[in-house]
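Take a look at the structure set out below.
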Number of protein chains: 2
Amino acid sequence: MSKSRIEQKEQTRRAIIDAAISQLSAEQSFAGLSLREVTRQAGIAPTSFYRHFKDMEELGLTLVDECGLALRQIMRKARKQFEEGGSVIITSVKIFMEITETSPNIFRLLFHERSGTMRALRTAVDREIQYFIVELTDYVQSIGYDKVSAYAQAEAMVAIVFNAGAELLAAKASQRKEIEKRAIMQLRYIATGAHTLHIAKSKI
Amino acid sequence: MSKSRIEQKEQTRRAIIDAAISQLSAEQSFAGLSLREVTRQAGIAPTSFYRHFKDMEELGLTLVDECGLALRQIMRKARKQFEEGGSVIITSVKIFMEITETSPNIFRLLFHERSGTMRALRTAVDREIQYFIVELTDYVQSIGYDKVSAYAQAEAMVAIVFNAGAELLAAKASQRKEIEKRAIMQLRYIATGAHTLHIAKSKI
DNA sequence: ATTTTCAGCGTACACTTGTACGCACAAAGT
DNA sequence: ACTTTGTGCGTACAAGTGTACGCTGAAAAT
């Protein structure tokens, strides 16, 4: 019944992480968390925090990693669904919407810290988003676009999707469908716009 | 030589506002400001703060208003330049770039607080952005698009421009031109995409 | 069986924070 | 000339912060 030491340690480590995530909200960004409050909710003494993390920043980086993991799982899911013959645009958006419902706090972290105050977190978030963009760029390039155009498209699309995601976090359930529709429409604009300009260019 | 009372009051009020703005940076969002530090820099006693603002939130709203003013001046400038025969896309982007260089801190406020922790600030920022979107929607609608499509285009464009703006804040001078070019390209995608789809739709 | 390791605790300290209260003193109002 | 008004100041306090230090007790290593 008793746990081994490493099991025990991992358990309270998770308790800290979970406490931190649960305290994130629209009203509290990571920078607003306090070590004491996190440890209080995790059920340990404030000073015990240091047995697991050097400081709050290190915890923050761990959280961002966690988000990155979630994001990459989404991406894999999207790619799978796409290879089975779905539209890239629609599946991507739908899956993105899904997570904002499922675990809004993890998602919020990404939003807050992208323009947040801690440099390490900002760059970490940027890296995750960049991962997204690069992945999409590769795909677009494989369809026949040049690198520059592909990147522009990918970046624009990610910006649109994230923008929609931010709207979703604040929206009521009744507005959700509408936001989703609009995001899809916007992505279509970009895709067909790039297509049209591509055709026009190759005609010359 | 001595100032009238209202002049004096306005002067220290500005000192507070300026101190607050100057303390905003990539490393410190508004929520991270402390009343004491602001007053310290403004050169007044902490408690004197209350002679001008009910609390920090009220100061925050004042700052957002200040940003809104700046934004609207930009918009007017863009409209003017556009009526003299410039491209909407290019002039808008250029002017937007201009301000991120001129007064990055004011602009940063918009970014941080859009996904910030204080609800009042968030809604205030949203209102300013919405103003932008509506203005653009009207224009797009006047070209012959229906309301829904016009709004989708406008929102997408604003998202792109703001995204570029955020990139600019972190970018070195050497990358600036590239970011600007890309943003313009992305806006073009949206515009021609909407156009192409519009044509296709009306043919049916 | 003995020793080592180390997660977790409690105490303690030095800070910073917001703000309540009352006084001073110059400008505005009479 | 006298009174009112109100900005600004200094003091004071309670609450919250991060973290240094030394101890405990059980698991792991010997």
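Note on naming: letters A, B, ... go to the chains in the order of the sequence lines (proteins, then strands), and numbering restarts at 1 for each one.
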Is the Tyr145(B) ring parallel, tilted or perpendicular to the His198(B) ring (thresholds 30°, 60°)?
-> tilted

Atom CD1 of Ile44(A) and atom P of dC6(C): how far apart are they, to the nearest Å?
-> 18 Å

With sequence neighbours left out, what residues match Glu128(B) under side-chain hydrogen bond (donor to acceptor under 3.5 Å, both in side chains)?
-> Arg72(B)

Sidechain-backbone polar pair: Glu113(B) side chain, Val125(B) backbone, donor-acceptor under 3.5 Å | no

Nearest whole angstrom, please: distance from the P of dG8(D) to the CD of Glu7(B).
-> 13 Å

Would you kindly give the CD-to-P distance between Glu10(A) and dA27(D), to the nearest whole Å?
-> 19 Å

Spacing between His52(B) atom NE2 and dT7(D) atom C1', to the nearest angstrom | 7 Å

Any donor-acceptor N/O pair, His112(B) side chain to Ser115(A) backbone, under 3.5 Å | yes

Pair Gln41(A)-Gln23(A), side-chain donor/acceptor within less than 3.5 Å | yes

So Phe107(A) and Phe111(A), would you call those rings parallel, tilted or perpendicular, with 30° and 60° as cut-offs?
-> perpendicular

Rounded to the nearest Å, what distance is computed from the CD atom of residue Glu58(A) to the P atom of nucleotide dG18(D)?
-> 16 Å

Should we say atom CZ of Arg119(B) is surrounded by more than 12 heavy atoms from elsewhere, each under 6.0 Å from it?
-> no

N/O-N/O pairs, protein side and nucleotides 28-30 of chain D side, under 3.5 Å:
| residue | atom | partner | partner atom | Å |
| --- | --- | --- | --- | --- |
| dA28(D) | OP1 | Arg5(A) | N | 3.3 |

Length of the CZ-C1' vector between Phe53(A) and dT19(D), whole Å = 17 Å

Side-chain donor-acceptor contact under 3.5 Å, Tyr189(B) with Thr196(A) = no

Determine whether the side chains of Glu66(B) and Thr62(B) contain a donor N or O and an acceptor N or O closer than 3.5 Å.
-> no

Let me have a per-nucleotide readout for nucleotides 15-24 of chain C, 5' to 3', with B, S or -, counting only protein heavy atoms under 4.0 Å.
-> --BBBBB---

Gln23(A) CD - dT17(D) P separation (whole Å) = 10 Å

Atom-to-atom span, NZ of Lys9(A) to C1' of dA26(D) - whole angstrom = 16 Å

